[in-house]
Protein chains: 2
Amino acid sequence: MDRIDAMRAFVAVVNEGSFSRAAERLDLSPQLVSKYVSRLEQHLGVRLLNRTTRRLHLTEAGMRYHQRVQQVLNDIEEMEDQLGDMQAQARGLLRISAPVSFAIRHMGPALQAFQVAHPAVAIDLQLNDRKVDILEEGFDIALRIGHLQSSSLIAKRITPVRLVMCASPEYLAKHGTPRQPEDLREHRYLRYTYMEQDAGGALYRWLRWEGRNPPGELISNNGDVLVEAAVAGGGIVLQPSFIVGDAIQAGRLEVVLTEFEPAPMALYAVYAHRQLLASKVRSFLDFINGYFGDPPYWDAFDQPG
Amino acid sequence: MDRIDAMRAFVAVVNEGSFSRAAERLDLSPQLVSKYVSRLEQHLGVRLLNRTTRRLHLTEAGMRYHQRVQQVLNDIEEMEDQLGDMQAQARGLLRISAPVSFAIRHMGPALQAFQVAHPAVAIDLQLNDRKVDILEEGFDIALRIGHLQSSSLIAKRITPVRLVMCASPEYLAKHGTPRQPEDLREHRYLRYTYMEQDAGGALYRWLRWEGRNPPGELISNNGDVLVEAAVAGGGIVLQPSFIVGDAIQAGRLEVVLTEFEPAPMALYAVYAHRQLLASKVRSFLDFINGYFGDPPYWDAFDQPG
DNA sequence: TTGATTATCTACGATTTGTTGATAAATAAC
DNA sequence: GTTATTTATCAACAAATCGTAGATAATCAA
């Protein structure tokens with residue numbers, strides 16, 4: 001027996017003054033309502049109602065119980081309604097982790113647009129390039145480039161992430177434009193710390209220096225810095241198009257080895273589970289899924305015009 | 001599923017930080033606790049906990065729910081404890097209906113003694129000679145002389161009630177002492193309104209005047225008045241021994257026709273039901289059952305000395 | 001009295017419950 | 001890195017419970 005249903009039945013019987021009318025109101029059979037109240041009495045060890053076939057009379061215990069149980073039922077209902085609201089319309093605090101360079105360039109307008117659509121959602125955006133433990137650190141969603149790690153997490157593919165190799169026109173004029181991957185040997189490669197081994201594809205083997213750090217090498221865990229260095233003529237970078245797209249379109253960088261472009265990676269939204277997802281999370285996933293376009297707007301350098 | 005148990009399980013899981021420890025504390029299998037929480041989530045339509053095999057993390061919804069549900073559970077527990085107390089030790093208001101003449105003479109000391117034994121019970125004693133509807137009028141117990149009427153009520157026999165016929169010595173000296181029932185024809189009978197037809201037994205047929213009201217007859221619905229009249233030499237009365245006992249013992253009345261004494265009636269305690277009886281009621285029934293003695297103390301006139 | 005209304009009892013099929021054993025995931029220990 | 005241990009959950013099954021229908025008893029109105 002569900003004790004809450006039993007309480008509801010008792011309250012209905014008292015308020016309606018009859019088992020049958022209570023049953024009608026609750027959409028239950030009179031027998032069931034009678035059973036519920038009897039069991040409730042048995043559970044409490046107290047007679048709540050004196051009943052004849054014609055009239056009902058509360059006992060003293062029943063009177064006390066009635067008052068308080070009504071309050072309790074209201075509390076429960078209010079509590080559940082509140083949770084229901086959270087599901088019905090997105091609200092609450094949405095904690096997001098995102099890659100630094102990506103977020104700096106593309107998350108600002110996106111979040112602004114999302115919050116216009118969902119004004120009851122507060123957002124806490126934390127920029128991290130390490131792979132955060134979303135459960136442990138309390139994130140609702142982590143945006144990641146590359147693939148997921150934990151099996152208990154869901155990764156939703158949001159948009160492709162192309163890696164393009166490029167350098168400034170000045171640099172290329174001075175050192176020549178590479179035509180084949182092996183030509184990279186002769187160039188200064190501005191190296192990104194977290195570049196995954198398989199991300200470079202066919203290019204990867206030409207980018208390694210077998211652990212040696214060649215004199216004058218530049219390594220950073222921040223793509224922007226490397227790109228700025230490239231723009232300044234510092235060498236060749238292999239970076240996502242969402243970072244270099246603008247510079248390419250502005251003519252400050254030039255793409256090289258286009259035929260050897262690695263298979264695209266992707267931006268994933270990683271979250272904890274699929275069922276009973278909080279509305280704020282579901283809304284954000286839906287929103288971000290369509291936001292960047294396909295292909296994403298930052299890849300516009302492909303179709304110059 | 002009992003939602004209250006499910007709530008309890010959820011709270012235990014949160015407080016213990018683990019399903020298995022919660023299960024241990026609640027004395028349930030871990031599988032069941034897991035099931036409870038899952039169903040609770042399903043019912044609410046919200047994920048409450050993010051769980052890995054090693055650690056649990058409350059969702060925002062779970063946090064809100066946890067706080068409030070704990071309050072609700074406390075309320076319920078407190079409420080049930082309070083009712084439990086009412087059962088464990090007698091307390092509350094005990095409403096008793098009792099026959100007027102009996103109560104005036106014998107209930108005062110009885111109630112006093114009862115309340116010494118059960119100080120938390122308040123008593124409302126209403127004196128009525130009519131047969132009250134205990135449910136309708138909200139009585140817990142009605143003391144009655146004679147038998148019960150309603151089938152839904154329980155009547156517990158408390159003590160025998162003897163009806164004795166008596167008159168003052170002066171009256172008997174003047175009008176003679178009746179030796180046979182038929183001698184009553186020649187006497188003045190002081191008549192009690194509610195005397196049941198069968199109560200007088202063999203004497204009854206001699207007490208009727210076939211509807212006629214003989215000149216100078218005295219009728220009352222109060223036995224005390226009739227007894228006082230008899231003491232004053234006004235005639236013969238047929239009254240319960242609990243009324244006339246004192247006067248007999250004091251020599252102010254004399255019993256007549258002892259061999260023809262009607263079969264004893266009884267004092268009954270009538271109450272509404274047998275199961276889940278409120279403690280105050282059960283205590284009073286137990287108390288009153290042994291209080292008057294067997295035979296009751298007012299019948300002491302039988303054993304002079 | 002009769003008839004209507006009402007609460008409850010009984011019996012039964014359908015559903016749910018709680019358990020056991022198995023599985024998969026996450027950490028600790030080595 | 002690999003293995004072992006702990007832990008939550010899944011699957012399946014017997015046992016218990018649930019909710020309904022029919023019957024019964026009790027009360028009140030006509």
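We name chains A, B, ... by the order of the sequence lines, and we start the count at 1 in each one. As the structure is a computational prediction, the values presented were derived from the model and not from experiment.
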Enquirer: With rounding to the nearest 0.5 angstrom, report the CZ to CG distance, A:Phe102 to A:Leu143.
Expert: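 Spacing of CZ (A:Phe102) from CG (A:Leu143) equals 6.5 Å.
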Enquirer: Angle class for the A:Phe10/A:Tyr65 ring planes (parallel below 30°, perpendicular above 60°, tilted otherwise)?
Expert: tilted
Enquirer: Measure the distance from CG on A:Leu48 to P on C:dA7 and round it to the nearest whole Å.
Expert: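 Checked: the CG to P distance equals 16 Å.
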Enquirer: Would you kindly say whether A:Gln71 and A:Asp75 are connected by a side-chain donor-acceptor distance under 3.5 Å?
Expert: yes
Enquirer: Does the pair B:Glu78/A:Arg68 count as a salt bridge with the N-to-O cut at 4.0 Å?
Expert: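 So B:Glu78 pairs with A:Arg68 through a salt bridge.
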Enquirer: Look up atom CZ in B:Arg144 and atom CZ in B:Arg130, then write down how far apart they are to the nearest 0.5 Å.
Expert: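 Reported value, rounded in 0.5 Å steps: 10.0 Å.
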Enquirer: Please report the shortest heavy-atom distance between B:Ala90 and B:Lys280, naming the atom on each side.
Expert: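 Heavy-atom minimum between the residues: CB-CA, 3.7 Å.
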Enquirer: Enter the distance from A:Arg8:CZ to A:Leu40:CG here, rounded to the nearest 0.5 Å.
Expert: 13.0 Å
Enquirer: For B:Asp133 and D:dT27, what is the distance between atoms CG and P respectively, to the nearest whole Å?
Expert: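 Roughly 10 Å, once rounded to whole Å.
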Enquirer: Quick one: on DNA chain D, does A:Asp27 or A:Arg55 contact a more 5' nucleotide (nearest heavy atom)?
Expert: A:Asp27
Enquirer: Between D:dG19 atom C1' and A:Asp5 atom CG, what is the distance in whole Å?
Expert: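 Rounded to the whole Å, the gap is 12 Å.
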Enquirer: Which residues within residues 7-21 of chain B lie with some heavy atom under 4.0 Å of an atom in DNA chain C?
Expert: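 Going residue by residue through residues 7-21 of chain B, none turns out to have a heavy atom under 4.0 Å of DNA chain C.
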Enquirer: Quickly work out the B:Asn50 CG to D:dT9 P distance and round it to whole Å.
Expert: 11 Å
Enquirer: Do other residues, nucleotides or ligands put more than 12 heavy atoms under 6.0 Å from the CD atom of B:Gln42?
Expert: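 Not more than 12 within 6.0 Å, no.
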Enquirer: Round to the nearest Å and state the distance from B:Leu26 atom CG to C:dG18 atom C1'.
Expert: 14 Å
Enquirer: Ignoring backbone atoms, test whether A:Thr52 places a side-chain nitrogen or oxygen under 4.0 Å from the OP1 or OP2 oxygen of D:dA26.
Expert: no
Enquirer: Looking at B:Glu136, I want to see if its CD is surrounded by more than 12 non-hydrogen atoms of other residues, nucleotides or ligands under 6.0 Å.
Expert: yes
Enquirer: Residues from residues 32-40 of chain A sitting under 4.0 Å of DNA chain D, heavy atoms only?
Expert: A:Leu32, A:Lys35, A:Tyr36, A:Arg39
Enquirer: Which heavy atom of A:Val33 sits nearest a heavy atom of A:Val13, and at what distance?
Expert: CG1-CG2, 3.5 Å
Enquirer: Report all interatomic pairs (protein N or O, nucleotide N or O of nucleotides 2-5 of chain D) with separations under 3.5 Å.
Expert:
from, atom 1, to, atom 2, distance (Å)
D:dT5, O2, B:Arg54, NH2, 3.4

Enquirer: Is any N or O donor-acceptor pair between the side chain of A:Gln31 and the base of D:dA21 shorter than 3.5 Å?
Expert: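 Answer is yes: a donor-acceptor pair is held.
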Enquirer: In whole angstrom, give the distance that lies between atom CD1 of B:Ile134 and atom C1' of D:dT27.
Expert: 16 Å
Enquirer: If I take atom CG in residue A:Leu135 and atom P in nucleotide C:dA25, what distance separates them, rounded to the nearest angstrom?
Expert: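 Going from A:Leu135 (CG) to C:dA25 (P), I get 15 Å.
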Enquirer: Starting at atom CG of B:Leu56, determine the distance to atom C1' of D:dT9, rounded to an integer number of angstrom.
Expert: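 B:Leu56 atom CG is separated from D:dT9 atom C1' by 13 Å.
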Enquirer: Distance from B:Thr59 atom OG1 to A:Leu277 atom CG, nearest 0.5 Å?
Expert: 10.5 Å
